Amino acid sequence: MQTNDAMTEPTATIVVTTPDGAAHRVDAGTRALDVLKAAGSLNKLIVAAKVGGRVVDLSRHLVDDCTVAPVAIDSTEGVEVLRHSTAHLMAQAVKRLFPEVQITIGPVIADGFFYDFKRERPFTPEDLERIEAAMREITKADFPIHREEMPKAEAIELFREMGEDYKVEIIEGIPDDRVSLYRQGEFVDLCRGPHVPSTGRIKAFKLTSVAGAYWRGDERNEMLQRIYGTSFPTKEQLEAHLKRLEEAKQRDHRRLGPQLDLFSLHPIAPGSPFFHPKGAVVYNTLVQYMRSLYGRYGYTEVVTPLIYKTDLFKQSGHYDLFRKDMFLMNVDEEEYGVKPMNCPGHCYLFETRKYSYRDLPIRFADFSRLHRFEPSGTLSGLTRVRSMAQDDAHIYCTPEQLDGELDRFIAMTREVYGAFAFEKVEVTLQTRPEKFLGRVELWEAAEAALRRVCEQTGYAVTVLPGEGAFYGPKIGFDFRDVLDRSWTLATVQIDCAMPERFGLKYVTPEGGVATPVMLHRAVLGSIERFIAILIEHTAGSLPLWLAPVQVKVLTLTERQEAFGREVADRIAAAGFRVELDDRNEKLGYKVRAAQLEKVPYMLVVGDKEAANGTVAPRRRSGETAAAVPIDAFIERLQAEAVPGQAQ
Ligand SMILES: [Zn+2]
Ligand SMILES: [Zn+2]
């Protein structure tokens, strides 16, 4: 449009509608920003325009009838424009400081952006500081940011002359005849845009980390140097974000887990955690807790095989849709697979006998280990693993029993969340995805049932279209942790495919046969992931009933060794996990050690306690209490070391 020859042709008039409903008659070619100005909706917070629903530069020339709305810097779209503009700003600064570096791509990601550079050495923290300083210089200069369009061949020539081989490669892959570039000062980048109008609009940014990254994400390609950064409309927002990041780092389970001696990971088994003795206590206590509920909620536990002939997964549909995520092997000239989930095995279990409607519902619970072949690049601590177990169960019931089963599951979920004092809960309904199995009518009925039952229990339901599993819609109970991050823990799915694929039947009251409804459900979800979330939510201070060491007895001097041992023995005899620290160290040192281990109770024993047969409890928060007889302390433990008790 910029090249429109306005001298020889009469200018056409177009109608541009602004959000207030006003229709503006303007010459074709008028800039979006001029219309917004005339409409009185341009101010210093506006960084882009939305033309016909698409975010574009404020300077975009309007050629047809359209709608134009302002995009403010503090809107979701505005922040994206800001962050991508900050990525360009960073690339410009890098080129100023390191002219030999080649630029590649710099997209916006959650909470920030990155830019990948071709450079032999990684950037150091000192480099980042220098780059930030150069970025500030460029924002001070307040360069206007211009969009230019040119034929592909011309752009290739331009970037080749600049020695930007990656840009040349990118342009060669673009199917269009023309490409767009953005210039600010001496810097030019291939880009679709849009961008903020000038570099001075970028006020609050921070470069956060560096990492290696392969060109085009392919490990066969050369390694690039990635710089991550973030950018916010205001300094206050940036500060608040950085504070949250720091807190998240302090609470990171990948740091705290090994530090608290709970678990570790080793390249010998990627994505498959080793739980150390203390971690195994947490793991088993969680399993034990779920087991303790099963009697009351009518579940029976089963133990099923880990490895099956792949015929099973062909029948269930996993082989077609999930094969690349499975561990497969050939044994004895037959193909076997390690199960990624329990459901197909449970369907075989269901078929081992004949059920009548009177026997239903059947609820099979299974803590079996599961294996999924997650790509190595996505593995992370306990949250993305290849080996895990769930508090998994499958329910087979009649259609009439469905609502009752969903209610029962929701009641159990409430009880479990209560045990962990998870209060902020949101419910999502995930509906039919693009790739799905089963009949559409079944899907629609199942989605309606899930929605109805959720709404009856008073939860507001957010629908996530297309996010269900391939065999059925799902509701998830999302919990918000102390850092306000949302985690889906409990889920229940109605299976629209498997009962029919496995030919499952039960005898109806009329003596005929019918297909049972099948539910998949878990409350904690993956136990590995649950532990990660709990560690981060509590910053490692696990509730008393879950803490691997619940009590630590600290002797003041060597004289209390025998009494300290007696105290520890009596607490252990009462069924609690206790350790004695009778090292010849100062008390302050021992207290700090126990605090670092996040032990809920410390008992300091000196001469007075030994003489009186008492202990002086001290909580990990630092709160102390008067000395009490040992039995009185044990009674306190018995009252407090139960799920749901505030610590
Ligand atoms: Zn760009
Ligand atoms: Zn399942």
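Because the structure is predicted, anything quoted here is derived from the model rather than measured. Just follow the structure's listing: the first ligand is 1, and inside any ligand the first atom is 1. Numbers here simply count residues along the sequence, with the first being 1.
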Q: Any N/O/S atom, side chain or main chain, of His394 closer to the Zn ion (ligand 2) than 2.8 Å?
A: yes
Q: Just to verify, what does Asp218 make a side chain to side chain contact (heavy atoms under 4.5 Å, CB included) with, not counting sequence neighbours?
A: Arg220, Asn221
Q: Under 6.0 Å from the ring centre and within 45 degrees of the ring axis: does the NZ or CZ of Arg521 meet both conditions for the six-membered ring of Phe409?
A: no
Q: Classify the ring geometry of Phe436 against Trp443: parallel below 30°, tilted from 30° to 60°, perpendicular beyond 60°.
A: perpendicular
Q: Counting the benzene-type ring for Trp, do Phe187 and Phe143 have ring centres under 6.0 Å apart?
A: no
Q: Suppose you place the vertex at the Zn ion (ligand 1); what is the angle out to His84 NE2 and Cys191 SG, to 10°?
A: 100°
Q: Taking the N/O/S atoms of His520 one by one, which is nearest to the Zn ion (ligand 2)?
A: ND1
